[in-house]
Amino acid sequence: MKDKNYDVAIIGAGPNGLICGAYLAKAGLKVILLEARHETGGGLDTLEFAGFKYNPHAIYHMMADIMPVYHDFDLRSRGVKFIFPEVQASYIAKDRKPLIFYHDPKKTAGFLSNEFSTKDGEEYIRMYTEFQEYSEKILIPLTYVPAVPPIEQIQTLGSAKDDVGRRFNDIAELPPIEILNMYDFSDPVKAGILNLFCMWGLQPYEALGYLFPLYIYRMTNAALVSGGSHRLSSAIHKTIIENGGAISDDSEVVKVMMRNGKVEGVVIDDGTEIKASVVASTVDPKQSFLKFFDDHEIPENLAESARRWEWEKTTFFGTHLALREAPRYIGTESFEDANRAMITFLGVTGTEDLLDHLGSLENGKVPTENLFGHTTCASLFDPIQAPDGMHTGRWESLAPYDHDWEENKWEYARLCAAQWKEYAPNLDPINMLVYPPTYIEKKFLNMVKGSIKQGAYVPLQMGYFRPNESCSQGFTPVEGFYVCGASVYPGGMIIGGPGYIGANLIAEDFGISRPWNEPESVKTARENGIIQG
Amino acid sequence: MQDYDVIIIGGGVNGLTAAAYLSRSGIKTLVLEAKGECGTHSDTCEPGIPGFLHNTHATWLISAMSPAMEDLNLTEFGLEYLTTEYVFGKTFLDGTNSLMAVDPFKTLANWQKISEKDAGYLMLAGEYLITKMDEIKEVLHEFLAKAPSEAVKKKMAKFNNEFNASCGVNLTFDQLWDMNGFQAADTIFESEYIKTLILAFSWIGGLPPIHKTVGSIGTAIFGPLSGPIFPVHQARGGSHALSHSLVKAATAYGVKILPCCPVKEIIVENGEAKGVVLSEKGVFPNERIYAKKIISNLTLAPTFMDLIGEEKIGPKMAGIIRKFKYDEQNIFCMNFALDKAPQFKSAEFDDGIQRCFMGYFGGSNTAEFKKFNKDLVSGIIHETPMANWFVPTLADPTQAPEGCHTAIIWQDVPPEAKSWKKGSLNGMESWDEIKYELADMITDEFEKYAPGFKKSIIDRIVYSPMDIERNNPSAVLGNWVGGSVTPEQFFMNRPVKGVLKNGGARTFLKNLYLSNSIHPMGATFLTSGYIAATEVAEDLGVGKPEWWRSKCFDWYLDNINNIPQNLGVR
């Protein structure tokens, strides 16, 4: 790049960096994104190889069409097509009929009533309705506004016009398992619902209850991106270029430059200095505060909080297959829909088993028997992801990071494929790609120990505390330095929150008018007193 | 969807080049790409251990010679070239090597160890080229970036006759045109080491020595110019960086690019192309989009047979197009992740081989080359491997984690192989079965030239012609060059006689142009797209804007001294 002077330098061109850059470029600021890899998009990564598309990271998107960036940039006209499979999840078991969750909650309830119990059907509708209300009125709007201190949040919700705030306050601090226990589900339905939350490496006993309704509601409303997840980032990327923004690949930032206590720009690994009056980091707190700054340049408590930052305890092992035909599962003769699920879960039998399994993962054990895998055959819904008539299959299972994965990756991948084949006897791959936890870290500097969310989802690292009390709203104690990646409120998982909030904040601080409107859900939440101001 | 002035089917490097030129000229342009990612044949991916970037198609880039470099400002969009001091090496089992360097004096030093006579030729060639650079540039620009014609051929003849005479080679251009590569090599060079160096290089450049004209042009012109005049590069971050820069440039100049939009039909009414219909597989199923001009960046057969059909083009044209050949320039490809760079046995003879990112092993004399080439055109996988190798990380260390390297081996293979090791094969269908065994055999052979190579492998990806075709169905049989380069499909005949009318890209169907399968051929010249853009702009009555003025080689010769050599160090 010849030009080395910008208004804003954004560190990292993952989803949040791209979103932040897109809005700021549109607002007329001179923006540059600096990406360490040769490719932008971060976890929105689609590998195309020999005609098969593989999505080793993000594949199903909870906030697909809810993300403001999708509407504000008319990404549909740029070729971003979200596909909402009718069957969102199915659980295949060896000794019983499959359990199916549909996109349409009434269909799920009907299925549960017919195949499990009437009670299960009724409870599902009750739970879904409540979770939907919490999500739409509270959790979704809060995803796109800055974090609020917890006490203030409770007070606001408690005094809101709509009593949903008070009802939500009652459950917000509970562990997910306790919220789930408020509904009278039988097994394996209960296990199936709990697993939709825990499959992300989230703990059933952590006090993160407020996330539970959102995940359950959205994990039955999730979408795939036609052509693979990378299409989403690629479309945002193009809006930046169109609006005159610059994107520099292979440019790892190693230092933030300071002058008179203010940010002055960044230095990239080849020594190039880029001047910018605002620097926005979308990478993890350890890089943001410990690598980019010398200790004396930032307050000690900031450095200390970064040093204490915890990575996730469990991560993922992936196995990707090129298939001549789509998997057909056992026990689905009378349940054809179970073969058409976006996510097919294997091995999850009941709640006790699931809790044992999660507990042993938490203790660092590598599962070797009865692996709990979740598989996706994206080409069933999106034939463009594989050569004509063929299919691409993805296996993922939770795994601890600490293990000799480099030594054992192929053996473990074969174990996963064998487990998959036990449930889908027609599985006959012509090619296999392995994606152990170590690859996650090797690919992304900010996913240390395979932390796909850039840091554990534990109460002290969530909400107003993500990444810490002084930075969760996007600005930091360092003048001109902002944070807006997955390690900042509201977090990771391609929800498009941090980058959007960061862009709003930076535009405001530049004193420029924003050529976009607040999302409708946020406006409504303000009217209802759920959001102040 | 709204209408466009121009629709380009296929966002490969030539499609993107044409799009960027046209849109920057004020023409409303849409690119429809079937895959998710543009630049299918200029691609870099990480299918194995992250951090090891594998170039699965184009590996050495020659785009630095393209007028697009300056006209489209590609370096402003992030394109950065790197190379090594030596750009091509032939390494021999007897422990010697023959080398080509960017600096002709370094080439000379190597050749002097091999053959006084051939070194003498090189010296005279260098003297001629340096003094006549401006004229040569002009001739080569016309040869590469304009529609082939008798007039262009005459200019080439004049240049080549003078060149040969000044190098003391008793050969006219007309004689050369009628020779194959082996005959040309025998006429010009004395040493088998040098002959096989040049033959291997032009062969891997897409010009097989067994064919007349094609082989001799490669051997007598393309070979000797490479390095100091003809670029041999890596792009920083891998070959896909070229695609990235073109996507960025095209987008910045106003092109709309829609990936995941395969076209299933070109709308043809009364012998005239009117628009396209998108496939139901893509993101805008069955959408019809109209335009004044359509450029197909797919290869010849899929364009006419799949997207238009015999009933629209008639049995005569269908017959011609069906005969278009795709069965040469098909490679079997292996990408390796290594914990150290290959150490060549021949480094003792000349350690330049260790600072050379690309070369060839096997085929120690022209007789072996002839046998291999003959097997190839007969559908036989040759018993002893002969292949091109690359170590891209010697030029661009960013393509692997620190201290590690990548390597690529390409062997020319018959895609519809009939036999191997005396056993019979079932054409394309056999690749899934034999690919790992063949890969092992080729790897074992390379080990003889670079002992310790096998021990340094930490990951391997094997990519057969079948995989390449699955990846890109327009690359029929996995052909990488847009259709075989044979005398019947070369220069004025390309793609094949009867398809083009009045130029280098205009087809026999009104308003339909090609930017693939046409002259010069696939590879990263970017001039097929340039030729298509020139003719479309002309036909739309758009005058050439002020920025559209660069000539082939302008950028390269101006910037040659700024291009880092060896490990990305300037």
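In what follows, chains are A, B, ... by sequence order, proteins preceding strands, each numbered from 1.
- W480(B) is linked by a ring pair (Phe, Tyr, Trp, His ring centres under 6.0 Å) to nothing, counting only residues two or more places apart in sequence or in another chain.
- Only the side chain of P259(B) comes within contact range of chain A, judged by heavy atoms closer than 4.5 Å.
- Using a 4.5 Å cut-off between heavy atoms, F52(A) touches chain B through its side chain atoms alone.
- With a 4.5 angstrom heavy-atom cutoff, T56(B) touches chain A only via side-chain atoms.
- With values rounded to the nearest 0.5 angstrom, K248(B) atom NZ is found 10.0 Å from I240(A) atom CD1.
- Of all heavy-atom pairs spanning C260(B) and G227(A), the tightest one is SG-CA, 3.4 Å.
- Heavy atoms only, all atoms of each residue included: P285(B) and K81(A) are closest at CG-NZ, 4.0 Å.
- Looking at H240(B), only its side chain comes within 4.5 Å of chain A, counting heavy atoms on both sides.
- Between H38(A) and T44(B), the shortest heavy-atom distance links the atoms NE2-O, 4.2 Å.
- With a threshold of 4.5 angstrom between heavy atoms, L53(B) approaches chain A through side-chain atoms but not through N, CA, C or O.
- Contact residues of residues 430-439 of chain B toward chain A are D432(B), Y436(B) (heavy-atom distance under 4.5 Å).
- With hydrogens and angles disregarded, no donor-acceptor distance shorter than 3.5 Å links the side chain of R78(A) to the backbone of K256(B).
- The structure places CD of E37(B) at 6.0 Å from OG of S234(A), a figure rounded to the nearest 0.5 Å.
- With I384(A) as reference, P262(B) is the one residue of S279(B), P262(B), C261(B) to meet the side-chain contact (heavy atoms from CB on, under 4.5 Å) rule.
- Using a distance-only test at 3.5 Å, with no hydrogens or angles considered, no donor-acceptor pair links the side chain of E48(A) to the main chain of K35(B).
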Test I461(B) against F49(A) for side-chain contact (heavy atoms from CB on, under 4.5 Å), laying out the working first. CA-CA 10 Å; I461(B) 286 106; F49(A) 185 76; 3.2 Å; yes
